[in-house]
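Here is the structure we will look at.
Since we're looking at a predicted model, the values are computed, not measured.
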Amino acid sequence: MRIEKKDINVFLALWIKSDPELWGELRDIQIKLLLQRIVKEMSFAQMAAEHKVEERQIRLIFQAILKRIELGLGKEVAMYLAKLNNMLEHKNTMTIVTDFNQIFLN
């Protein structure tokens with residue numbers, strides 16, 4: 001059985017919005033950042049532009065969110081969210097492919 005990414009995002013959004021333990025651990029802005037990054041798949045640059053802060057600050061805040069989740073909800077949940085974050089990070093990385101075997105001399 002293959003689960004669509006859209007369905008996973010719906011599940012994650014419902015979990016984030018309705019889990020009382022998560023709401024007990026995080027502030028409203030931290031919940032919003034978690035939703036933007038994991039569910040809406042926004043890049044850190046987009047999040048920084050929206051919140052008018054540096055990208056480095058957003059990255060640090062997101063790492064703090066993952067640490068709070070690890071301490072409050074468990075290491076497994078934090079590891080899964082970190083894995084999703086890493087997948088998004090690699091997805092947003094642009095690669096340039098070149099073929100160095102084709103060199104044209106004029």
Side-chain angles (χ1 to χ4, degrees):
M1 181 171 109
R2 181 145 174 90
I3 300 173
E4 297 291 323
K5 177 73 170 113
K6 179 183 169 186
D7 296 332
I8 293 173
N9 283 348
V10 169
F11 173 75
L12 286 171
L14 290 172
W15 168 69
I16 291 170
K17 290 180 179 182
S18 64
D19 186 1
E21 289 182 36
L22 184 66
W23 279 88
E25 289 295 322
L26 301 178
R27 295 180 180 166
D28 291 346
I29 187 65
Q30 293 170 322
I31 297 286
K32 183 176 180 178
L33 291 174
L34 187 62
L35 281 169
Q36 286 178 337
R37 180 63 177 163
I38 300 297
V39 177
K40 294 180 182 177
E41 299 181 5
M42 291 176 71
S43 69
F44 286 119
Q46 291 170 322
M47 292 167 62
E50 181 176 321
H51 297 283
K52 297 179 178 89
V53 296
E54 294 179 11
E55 182 179 338
R56 181 180 56 83
Q57 286 179 304
I58 294 289
R59 287 179 182 275
L60 289 173
I61 291 169
F62 193 79
Q63 290 304 317
I65 291 169
L66 291 180
K67 188 64 174 177
R68 294 268 318 255
I69 290 172
E70 179 182 337
L71 295 174
L73 300 176
K75 192 172 187 173
E76 295 81 18
V77 176
M79 283 178 32
Y80 181 72
L81 292 173
K83 184 177 179 180
L84 288 174
N85 181 50
N86 289 337
M87 289 171 51
L88 290 173
E89 193 69 24
H90 293 301
K91 176 183 167 185
N92 292 333
T93 305
M94 183 183 357
T95 57
I96 300 173
V97 178
T98 58
D99 186 6
F100 289 106
N101 293 328
Q102 288 186 337
I103 300 176
F104 298 100
L105 301 175
N106 292 339

Q | Check: W23 side chain, I16 main-chain N or O, donor-acceptor pair, under 3.5 Å | A | yes
Q) If two hydrophobic side chains count as joined below 4.5 Å and joins carry through other members, does I8 share a cluster with M42? A) yes
Q. Counting distance only, does the side-chain N/O of Q63 pair as donor-acceptor with the main-chain N or O of L60 below 3.5 Å?
A. no
Q.
Once rounded to the nearest 0.5 Å, what's the spacing between atom CG of L12 and atom CG of L34?
A. 8.5 Å
Q) Of the non-hydrogen atoms in I38 and L88, which two are nearest, and what is the gap between them? A) CA-CD1, 4.2 Å
(Q) Distance alone, cut at 3.5 Å: any donor-acceptor contact between the side chains of E41 and Q36? (A) no
Q: Decide side-chain contact (heavy atoms from CB on, under 4.5 Å) for Q57 and M47; before the verdict, give the C-alpha distance in whole Å, the side-chain angles of both, and the deciding distance to 0.1 Å.
A: CA-CA 10 Å; Q57 286 179 304; M47 292 167 62; over 6 Å; no
Q. Do L35 and V53 share a hydrophobic cluster (ILVMFWY, side-chain heavy atoms under 4.5 Å, transitive)?
A. yes
Q.
Please report the interatomic distance CZ(R37) to CD1(I58), rounded to the nearest 0.5 Å.
A. 10.5 Å
Q.
Using a strict threshold of under 4.0 Å (side-chain N to carboxylate O), is an ion pair present between E55 and R59?
A. yes
(Q) With a 3.5 Å distance limit and no angle check, can you tell me whether Q30 reaches the backbone of R27 through a side-chain donor-acceptor pair? (A) yes
Contacts table for residues 72-80: side-chain donor-acceptor under 3.5 angstrom, sequence neighbours left out:
none

Q) Between V10 and L84, is there a shared hydrophobic cluster once you connect ILVMFWY residues whose side-chain heavy atoms come closer than 4.5 Å? A) no
(Q) Test: ring pair (Phe, Tyr, Trp, His ring centres under 6.0 Å). Region: residues 50-70. Which pairs qualify, not counting sequence neighbours? (A) F44-F62
Q. Do the side chains of L22 and F11 join up, straight or via other hydrophobic residues, at under 4.5 Å, putting them in one cluster?
A. no
Q.
Run the salt bridge (Lys or Arg N to Asp or Glu O under 4.0 Å) test on E25 and K67 for me, step by step, so that the C-alpha distance in whole Å, both residues' side-chain angles and the decisive distance to 0.1 Å come before the verdict.
A. CA-CA 10 Å; E25 289 295 322; K67 188 64 174 177; over 6 Å; no
**Q.** Within one Ile-Leu-Val-Met-Phe-Trp-Tyr cluster: L26 and L71, side-chain cutoff 4.5 Å
**A.** no
Q) Do I31 and I65 have side chains that get closer than 4.5 Å, going by heavy atoms? A) no
Q | Gap separating the CE atom of M87 from the CG atom of N85, nearest 0.5 angstrom | A | 10.5 Å
